[in-house]
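Counting from 1, the numbers follow the sequence of the chain as shown.
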Amino acid sequence: MKGTEIREMTAQEIAERIQQLQEERFRLRFRSATQQLENPTLLRTIRRDIARLKTVQRARDQKEGR
């Protein structure tokens with residue numbers, strides 16, 4: 001997920017996407033404990049996407065004065 005794509009999203013869409021990615025990350029971490037993942041780099045990608053989303057979310061909150 002690119003930064004430009006994230007900035008085009010609304011606050012609600014960002015919050016929903018963060019929730020979805022966190023759930024997916026949980027499932028992948030659970031599965032990696034019991035078996036080998038097909039794509040182990042997917043965990044890193046998801047973690048970084050969550051960080052990007054939270055960064056944009058935080059910047060918007062500070063800009064709005066929350």
Side-chain angles (χ1 to χ4, degrees):
M1 183 170 282
K2 302 227 179 212
T4 53
E5 295 172 4
I6 296 170
R7 288 183 186 89
E8 293 173 356
M9 298 170 82
T10 65
Q12 181 66 29
E13 290 173 335
I14 289 175
E16 289 173 4
R17 186 68 180 147
I18 289 172
Q19 183 66 30
Q20 290 171 353
L21 287 172
Q22 286 176 336
E23 289 173 8
E24 185 176 351
R25 182 173 159 236
F26 174 78
R27 280 190 238 102
L28 283 173
R29 286 181 63 207
F30 190 83
R31 193 178 324 148
S32 72
T34 58
Q35 64 186 16
Q36 188 173 3
L37 296 176
E38 293 176 16
N39 187 3
T41 59
L42 188 59
L43 280 170
R44 184 184 331 161
T45 305
I46 290 173
R47 188 180 75 232
R48 289 180 179 180
D49 284 347
I50 291 171
R52 284 185 192 102
L53 287 162
K54 285 186 174 184
T55 299
V56 171
Q57 186 180 42
R58 175 95 170 121
R60 286 183 183 178
D61 288 347
Q62 286 180 339
K63 189 174 182 180
E64 293 174 4
R66 288 187 187 177

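Put simply, the side chain of L21 reaches to within 4.5 Å of the side chain of E24, judged on heavy atoms.
The hydrophobic clustering, which links ILVMFWY residues whose side-chain heavy atoms are closer than 4.5 Å, places I50 and L42 together.
Note that OG1 of T34 is 13.0 Å distant from CZ of R29, once rounded to the nearest 0.5 Å. A distance of 10.0 Å separates OG1 in T41 from CD1 in I46, rounded to the nearest 0.5 Å. Note that CG of N39 and CZ of R44 are 10.0 Å apart. Values are rounded to the nearest 0.5 Å. Atom CZ in R47 sits 11.0 Å away from atom CZ in R52 (nearest 0.5 Å).
Remark: R25 engages no residue in a salt bridge (Lys or Arg N to Asp or Glu O under 4.0 Å) (not counting sequence neighbours).
Surrounding CD of E38 are at most 12 heavy atoms belonging to other residues, nucleotides or ligands under 6.0 Å away. Within a 6.0 Å sphere centred on CD of Q36, other residues, nucleotides and ligands contribute 12 heavy atoms or fewer.
A salt bridge is absent between R58 and D61; no separation between the charged side-chain nitrogens and carboxylate oxygens falls under 4.0 Å.
For the residue pair A11 and R60, the shortest heavy atom distance occurs at N-NH1, 3.6 Å. Contact detail for I14 and L53: the closest heavy-atom pair is CG2-O, 3.8 Å. Listed here is the closest heavy atom pair of L43 and L28: CD2-CB, 3.6 Å.
With 3.5 Å as the limit, one finds no donor-acceptor pair spanning the side chains of E16 and Q20.
Judged purely by atom type and a 3.5 angstrom limit, R31 has no side-chain atom pairing as donor or acceptor with the backbone of R27.
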